[in-house]
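Note that this is a predicted model, so its numbers are computed, not measured. Just so it is clear: chains get the letters A, B, ... in the order the sequence lines come, proteins before strands, and each one is counted from 1.
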Amino acid sequence: MVMAPIDLAVFHENGYIRKQCRVTGLWFWTSNHDRDTCGDTSEDEYTFIGSPLISGFDMRGKELKDAMREAFLGFFEQREHTRIEPYPILARWRDDIHLTIASIADFQPHVTSGLVDPPANPLTISQPCIRLTDVDAVGRSGRHLTTFEMMAHHVFNRPDEGRMYYWMEECVRYCHEMFTQTFGIDSNEITYVENPWCGGGNAGPAVEVIVGGLELATLVFMNLHEDEKGDVEIKGDKYSEMPLQIIDTGYGLERFCWAAAGTPTIYEAIYPQTVAWLKDLAGFEGVAKQWPNLDLDKILGEMSRLNGIMNIEAGVDGEELLATFLQRLAQRGIDISSEQFTAITDPLSRIYAIPDHLHALCNMLGDGLVPSNAKAGYLARMMARRTLRMRDELGIDVSLADLALHHVEVNMGNKTMKQTHDGMATILNLEEAKYVEMLRKGEQVIKTMLSGVDKSTETIADELLFSLNDSHGIAPEMAVSLAIRSGWKSVSLRTGFTAELAERHAKMAKDAAKENTESTLINGIGHLPPTSPLYYDDVYQFEFDASVLFCAEINQEGLPKGITHGVILDRTCFYPEGGGQEADWGVLSTDSVHCQVLHVAKIGNHIVHLTDGPLSNGDLVHGSLDWNRRKQLMDHHTSVHIVGGAVRRILGPHIYQAGANKAVDSARLDITHYNRLTRQDLDSIEKMANEVIVQVHKTEKTILNRKDADRKHGFDLYQGGAPKGNTIRVLRIADHDIQACGGTHHDELGQIGSIRLVRSNAVQDGVERLHIVAGQAALDYAREQDGILRQTGEVFGVNVADVPKTAERFFGEWKEQRKRIEALEAEIVRLRTSGGDDSSVSKDGVRIVIMESDGGLKNMSKMLKELTLDDSQPTLAILGSKEGGGKLMVATTENSIASEKYNAIEILQAIIPHISGGGGGRPTFAQGGGSNPEGLQNSFDAAKSMLGI
RNA sequence: GGGCGUGUAGAUCAGUUGGAAGAUCGCUACCUUGGCAUGGUAGAGGCCCCGAGUUCAAAUCUCGGCACGUCCA
């Protein structure tokens, strides 16, 4: 079975008929019976440019977006949908994506899987989204954006439980009513295109709503999931119906605004003030005035229309595209040279892209994101750097922070943000400084890399450009312009290189994508009742009785040594490894058997004890924990929460937990921050953490429904990671820190004793790792440190308090004395080489010196230098030492009769066997070593007889 | 998460096949001038990031650690 036609009463009632698109072959519904294309093809141009299709919205920019959003949400609110506040743009409730890419992303994976109830049903929302896949086309195509708001109405139906709110008929009816009545769109301009949707293992029928050549909305009816035995086939995969039936709609707010404004590009509809401001700053009027007879608006309008029907994709050859473009423009009566076209569109595309990029950047930073060189933070850095590059290319002299603050003021109004404006400015100023530094380094690297290349070269080697881009952050275009500035004036970028670079990256990404083999520890336990965890009821319970439900042999790599069996009980006090907290250890025993529990893992609802021996099904066992271990883990885990709260309070709202680990000897907490932490920072965090222990007596542990938890505490609750179930355990330490956490924590903070921040280090740019010790571990740590200091003091023979001062003095003296020894050695060399003893012989105008030295290689080479660097006295010098198994050095005065007559390597090779060694060097300087220092005299004798002296 | 790159004088960086640690700026002193800009001469300043390994020999090659940079997902 393939997907059935979407045949709805609402179509017929409004005079729509079903036709097949002449171009794409897709089926579509239209009330214009002459129409033979679906509206979204290479032959359907935008019809709204210059003549808006949506009436009643004369404003522009933020005001227009606000009005449009309100019209949409209001429409659905009046029709029994609940309005939901937008989710953050950082998708922190998910572990598969960094950014919110669609409104449905708010409800994945647990609402869409049916595990968690939606916040309301049906609901309407306008969700800010960021998609970076088309980032290169932004500003150039006239319609692409990285940041947009997806307006939506969502429904989560459960027909199997008798909850069916509405389906296709009503959905399309709402859409049609809104389009034609609220927005006054001519029915003939609307086409509904049937185009089944699939993605991420789900699928369903879908309708694209095209207005005036622009896709304004997609209505997806998600009711299928991938299933090999399914009877529906879409794009080669088989699907079957799922119990949850979801309406996932997406209406592009900015596109509505564009259709209402009818401006040449989408950017002028939504960012008019910023575009005008940037034009002014970049002196764009001057460019345009060069050709007074060109009608700019007309050209831009035509460009957008053309872009609407031409597919600009990354990797398309730029020159070829330009030629086609100019040809098509000429057909439309616009006569423009490629130079004129480039002169106008190059700066303009940057002027358009900057506000879009700033919008993405401000949204990300506003949500508390810290720029970094990895993960989500890298996306912010990429946007910042793109913006900076375009700003520089436009020759605009405004800092990134000022651009962003201007953008926030003009385009974001009083949107509530986690990050303060000052914080944002601080972060962006740091980013700009890093960017400038990167450019400076890049220029240096280019100079070095090209130093051997002729100044008249026209190309830069591909490998060099790849390495500049990948290792030094210098994009190919940038590399070329830097090279030109540094004197290689005729280089240019080979056509198609950028595409090759992208291809290469794509290939690397593909190669790196490895299979995620999730090996299960134990199979066949699905039928067992879930293990009842006792550690939540009373975290101080360390003994319990239970019965064995399951026991099997385990044979798997990577587990702690000694593990032979996996045991599942009906209930347990043993905490399984999870949430960064290590597992409990202890003993499970019966009258006759004692098994050590060496590790505990959670598999689904079952807690598996990994033991060093077998137990039998039905056995009654007594379990007892290694309480010292558990107590220490609890000390650390609770401390991590306390420290986390303190860090957020002291450093600012951008602090987010990027990971944590709680072991016995110490705990780690990774936090997002834009600067390295100083010891002062650590001290004040440590101070506050210890104050909390004193001031807050009790922790508060509650269990909340996921829906209520979200509403009550927001998404900061999930710093420890995206929770999986519908019920959430919340740990509250007064108002200091509130977290969803499934670990074991103290009821009373006083149990911890004290917290020490040992040190911090950088995990990656933008992420700092705090090393924490608490409770007994803090005492042990202090004792150990004390011991180290005491030992050091004993070595110096001073009090511990004097160790730093003394070490400083010793180090200073050591350096001084080393220098003095060098000076004295030099003096010895001078004395010994100034002649006066019988080691110096003259032969045929060459002074021959054969001498034993007592220093190492360094000292010998100094003597050689002294002997052979004097041009006025041609010398052959042979030095030896008994140090380190014996050393020999032979050198001649360069460019003298000594170097003509004697070859240092030959002499060395001839005499070195006497000390059982080898060596080499240049004809005027050779050195080597051996393992028989006693043979040194034989070497000297051999040299003498060889030279005939 | 994966790939790539970099740690050498106070600063910016060179350093060839492993074989004698360098340049420029800055610093100090002296010379040139009435003084300044400048010019000249001399000098000081190095745990070649740390630790192991290979080697007769490591700034250089290999491995590990630390610090930093960068691209992609």
Side-chain angles (χ1 to χ4, degrees), chain A residues 95-99 132-133 135 372-376 378-379 381-382 385 434-435 437-445 447-449 451-452 463-476 478 501-514 516 659 676 759-766 769 811 814-816 818-819 822-823 829 856-869 877 879-881 883-891 894 904-905 908-909 912-933 935 939:
Chain A
D95 49 16
D96 51 344
I97 51 174
H98 296 306
L99 300 169
L132 297 177
T133 42
V135 67
S372 163
N373 54 7
K375 299 190 175 173
Y378 176 68
L379 302 177
R381 175 159 295 166
M382 185 178 83
R385 293 197 167 168
K434 286 186 179 185
Y435 171 77
E437 178 65 10
M438 184 188 78
L439 284 189
R440 193 190 61 73
K441 285 219 160 110
E443 195 169 353
Q444 193 63 44
V445 171
K447 278 186 195 166
T448 310
M449 280 178 164
S451 60
E463 278 314 310
L464 225 145
L465 286 174
F466 284 133
S467 130
L468 276 169
N469 185 79
D470 289 3
S471 303
H472 300 97
I474 305 295
M478 186 81 76
L501 182 71
E503 212 170 284
R504 187 173 147 128
H505 284 152
K507 191 180 174 297
M508 276 161 58
K510 206 172 157 190
D511 291 347
K514 57 176 182 193
N516 199 359
R676 294 306 311 270
R759 66 187 183 99
S760 70
N761 67 309
V763 179
Q764 59 190 231
D765 196 23
R769 174 165 292 171
F811 189 65
W814 169 74
K815 278 175 90 164
E816 212 171 290
R818 202 180 49 163
K819 248 173 259 164
E822 266 179 38
V829 168
L857 271 178
K858 202 161 186 173
N859 205 21
M860 287 165 72
S861 51
K862 222 178 259 169
M863 290 180 79
L864 274 185
K865 208 187 274 186
E866 198 68 41
L867 286 164
T868 60
L869 283 189
L879 297 186
S881 161
E883 232 178 64
K887 309 270 181 222
L888 275 172
M889 281 185 158
V890 183
E894 284 189 41
I905 300 180
L908 183 79
Q909 299 290 353
I912 197 116
H914 295 286
I915 58 167
S916 316
R922 303 190 308 268
T924 58
F925 184 91
Q927 57 183 283
S931 52
N932 175 26
S939 290

So, OP1 or OP2 of [N]: does either fall under 4.0 Å of a side-chain N or O from [X]?
X	N	value
A:Tyr378	B:rC71	yes
A:Asn469	B:rU70	no
A:Arg381	B:rC71	no
A:Thr448	B:rA14	yes
A:Arg759	B:rA67	no

Open item on the list: Judged by each residue's nearest nucleotide on RNA chain B, which is more toward the 5′ side, A:Met438 or A:Gly930?
Closed with: A:Gly930
Open item on the list: Assuming nearest nucleotide by heavy-atom distance, tell me which of A:Glu437 and A:Gly473 is located more 5' along RNA chain B.
Closed with: A:Glu437
Open item on the list: Mind checking if A:Ala891 touches a base, just sugar-phosphate, or nothing, with heavy atoms under 4.0 Å?
Closed with: nothing
Interatomic distance, [X] [atom1] vs [N] [atom2] [rounded to whole Å]:
X	N	atom1	atom2	answer
A:Lys375	B:rC71	NZ	P	17 Å
A:Phe925	B:rG18	CZ	P	16 Å
A:His505	B:rA73	NE2	P	9 Å
A:Arg504	B:rC4	CZ	P	11 Å

TODO: Look at the side chain of A:Ser372 and the backbone N and O of A:Asp765, then say whether any donor-acceptor pair between them is shorter than 3.5 Å.
DONE: yes
TODO: Mark yes or no for whether A:Glu443, through its side chain, and A:Met438, through its backbone, hold a donor-acceptor pair below 3.5 Å.
DONE: no
Just compare [options] and give me whichever is closest to any side-chain atom of [X].
X	options	result
A:Arg440	B:rU70, B:rG19, B:rC13	B:rC13
A:Lys441	B:rC13, B:rC71, B:rC68	B:rC13
A:His472	B:rG5, B:rA73, B:rA57	B:rG5
A:Lys887	B:rA67, B:rG19, B:rC56	B:rC56
A:Arg385	B:rA73, B:rU12, B:rC71	B:rC71
A:Asp470	B:rA67, B:rU12, B:rC71	B:rC71

TODO: Answer yes when A:Arg385 and A:Glu437 have at least one side-chain N-carboxylate O distance shorter than 4.0 Å, and no when they do not.
DONE: no
Open item on the list: Between B:rG53 and B:rA58, how many Å separate the two C1' atoms, rounded to a whole number?
Closed with: 11 Å
Open item on the list: Within the structure provided, determine whether A:Leu468 and A:Met478 are in side-chain contact (heavy-atom separation under 4.5 Å).
Closed with: no
- [ ] For residues A:Ile915 and A:Lys887, report the shortest heavy-atom separation together with the two atoms involved.
- [x] CD1-N, 4.2 Å
